[in-house]
Asker: 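Supplied in structure tokens, the structure appears directly below.
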Amino acid sequence: MGKEEEAEIERLPVDLLAHIFLLISSFTDLAQASGVCRKWRQAVRQSLAGRERLSFAGCKMDDESTARLVRYAYNLKELDISRSCWGCQISDDGLYKISLVKCVSNLTSISLWGMTGITDKGVIQLVSRATSLQHLNVGGTFITDESLFAIANSCPHLKAIVLWSCRHVTESGLIALVNKCRKLESINVWGMRVPLDCFIGLLAISPALQIKPRNVHLNIGTVPPLWPVL
């Protein structure tokens, strides 16, 4: 019998396959593609290396699979591993594994929104390596001041942070954050159990700070009014 004719798609070079896979947003599809053959696996990894943003929001991911994909994304700048409709499967162990990948020090944006399975331990490990971070969303988590102290010490370039409903964070953590993150422009404090005097104190430290939501009204005389939400 003669040799079977090679399928047309098998003739495509790895670079072209990688470009095609770069257009696929489903990580389930990418995982299946990587299992077709060695060439496709190489192309999937190459496509991940070219991505500057990864979003697992809405995906059912676990610690190992998430860390593995992030590991191949060498040029990654933005990482979104927010809670999915399937229920968050990421734990502190997953954040630890992600913190060890090479691209973490280059990340400018991280979203951990609604990840109730994580604690200060995992967040501290991650942010301690994310020294280029500018935008951070830890809303809906159970972090405490310990995480904010770590963010304040490790993320000098931070511009915006979402602390939506982080009810275990206190005035001490917020003051430390604003004191050390001098580039901070915006902070979302909706649903937090923090007294109004704390927000007045934050504006005394950084008068240009945007405190969201807009319906937080402060009457503090010489301090400029809150900027509108962009």
Side-chain angles (χ1 to χ4, degrees), residues 18 21-22 25 27 30 34 42 44-57 59 61-84 88-115 117-163 166 169 173-174 176-188 206:
F21 292 148
L22 188 60
S25 59
F27 296 107
L30 286 175
S34 67
Q42 181 183 352
V44 168
R45 291 184 179 182
Q46 190 169 316
S47 74
L48 288 171
R51 294 175 186 247
E52 293 190 353
R53 184 178 189 273
L54 284 181
S55 175
F56 301 114
C59 302
M61 305 293 294
D62 57 25
D63 291 337
E64 185 59 40
S65 59
T66 302
R68 183 170 59 252
L69 288 172
V70 175
R71 190 178 302 124
Y72 294 134
Y74 306 117
N75 295 307
L76 194 64
K77 300 293 185 183
E78 302 178 19
L79 177 62
D80 182 356
I81 42 180
S82 304
R83 181 184 64 190
S84 73
C88 178
Q89 302 294 324
I90 309 300
S91 68
D92 287 339
D93 185 54
L95 297 187
Y96 172 76
K97 291 177 179 178
I98 292 172
S99 74
L100 299 179
V101 305
K102 293 182 179 180
C103 69
V104 166
S105 62
N106 296 322
L107 290 178
T108 59
S109 177
I110 297 176
S111 177
L112 307 175
W113 184 86
M115 293 178 61
I118 62 173
T119 68
D120 287 326
K121 180 180 178 181
V123 174
I124 291 171
Q125 175 67 29
L126 182 59
V127 300
S128 66
R129 302 285 300 276
T131 53
S132 298
L133 199 60
Q134 297 180 21
H135 303 275
L136 177 63
N137 188 342
V138 285
T141 66
F142 296 122
I143 64 165
T144 71
D145 288 341
E146 294 302 316
S147 288
L148 263 61
F149 295 151
I151 295 166
N153 290 326
S154 303
C155 306
H157 305 291
L158 192 68
K159 293 182 178 180
I161 186 169
V162 176
L163 297 168
C166 290
V169 168
L174 292 173
L177 183 72
V178 175
N179 261 322
K180 290 196 174 184
C181 296
R182 305 306 296 180
K183 295 182 180 181
L184 192 62
E185 301 172 354
S186 171
I187 183 170
N188 189 314
S206 179

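These numbers were taken from a predicted model, which means no experiment stands behind them.
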Asker: Nearest 0.5 Å, what's the NZ-CD distance between K121 and E146?
Answerer: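 The distance works out to 14.0 Å.
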Asker: Check whether the side chains of D93 and S91 place a donor and an acceptor atom closer than 3.5 Å, and report yes or no.
Answerer: no
Asker: Would a distance-only check, ignoring hydrogens and angles, find a side-chain to backbone donor-acceptor pair under 3.5 Å from S132 to S105?
Answerer: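 Such a contact is found between S132 side chain and S105 backbone.
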Asker: Treating N137 as the side-chain partner and W113 as the backbone partner, does any N or O pair qualify as donor plus acceptor under 3.5 Å?
Answerer: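 No.
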Asker: Give, for atom SG of C181 and atom NZ of K159, the distance between the pair rounded to the nearest 0.5 Å.
Answerer: 13.0 Å
Asker: Please confirm whether the backbone N or O of A73 pairs with a side-chain atom of R51, one donor and one acceptor, at under 3.5 Å?
Answerer: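 No; zero donor-acceptor contacts below 3.5 Å.
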Asker: Closest approach of K180 and A152, non-hydrogen atoms and distance?
Answerer: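 The pair with the smallest heavy-atom distance is CB-O, 3.6 Å.
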Asker: Please test L148 against L163 for side-chain contact (heavy atoms from CB on, under 4.5 Å), starting from the C-alpha separation and ending with a verdict.
Answerer: CA-CA 10 Å; L148 263 61; L163 297 168; 4.0 Å; yes
Asker: Would you give the length of the straight line joining atom CD of E185 to atom NE2 of H135, rounded to the nearest 0.5 angstrom?
Answerer: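 Answer rounded to 0.5 Å: 7.5 Å.
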Asker: Just do the side-chain contact (heavy atoms from CB on, under 4.5 Å) check on M115 and I81 with the steps written out, would you?
Answerer: CA-CA 8 Å; M115 293 178 61; I81 42 180; 4.0 Å; yes
Asker: Starting from the C-alpha separation in whole Å, work towards a yes-or-no answer on side-chain contact (heavy atoms from CB on, under 4.5 Å) for V127 and S147.
Answerer: CA-CA 9 Å; V127 300; S147 288; over 6 Å; no
Asker: Would you say the side chain of F56 lies within less than 4.5 Å of the side chain of L79, judging by non-hydrogen atoms?
Answerer: yes
Asker: Considering all heavy atoms of both residues, which atom of C166 and which atom of G139 are nearest to each other, and what is their separation?
Answerer: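 Scanning both residues completely, I find the closest heavy atoms to be SG-CA, 4.1 Å.
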Asker: Considering all heavy atoms of both residues, which atom of L54 and which atom of L76 are nearest to each other, and what is their separation?
Answerer: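 In terms of heavy atoms, the two residues are closest at N-CD1, 3.5 Å.
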Asker: Any side-chain heavy atom of R53 within less than 4.5 Å of one from D80?
Answerer: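 Sidechains of D80 and R53: in contact.
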Asker: Using side-chain contact (heavy atoms from CB on, under 4.5 Å) as the criterion, list what pairs up with K183, not counting sequence neighbours.
Answerer: H157
Asker: Looking at L184 and S206, what are the two nearest heavy atoms and their distance?
Answerer: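 Reported closest heavy-atom pair: O-OG, 4.3 Å.
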Asker: Please report the C-alpha distance between N106 and K77 in whole Å, then the side-chain angles of each, then the deciding distance to 0.1 Å, and finally whether the side-chain contact (heavy atoms from CB on, under 4.5 Å) criterion is met.
Answerer: CA-CA 6 Å; N106 296 322; K77 300 293 185 183; 4.2 Å; yes
Asker: Which atom pair, heavy atoms only, marks the closest approach of L177 to I161?
Answerer: CD2-CG2, 3.9 Å
Asker: So which atom in F149 and which in G173 form the shortest heavy-atom distance, rounded to 0.1 Å?
Answerer: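 Scanning both residues completely, I find the closest heavy atoms to be CE2-CA, 3.8 Å.
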Asker: Can you tell me how far apart CG (D62) and CD1 (I90) are? Round to the nearest 0.5 Å.
Answerer: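 Between atom CG of D62 and atom CD1 of I90 there are 6.5 Å.
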Asker: Which distance, rounded to the nearest 0.5 Å, do you find between the CG of D63 and the CG of D92?
Answerer: 9.0 Å
Asker: What is the distance from atom CD1 of I124 to atom CG of L126, rounded to the nearest 0.5 Å?
Answerer: 11.0 Å
Asker: Any side-chain heavy atom of V101 within less than 4.5 Å of one from R129?
Answerer: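 Contact flag for V101/R129 side chains = no.
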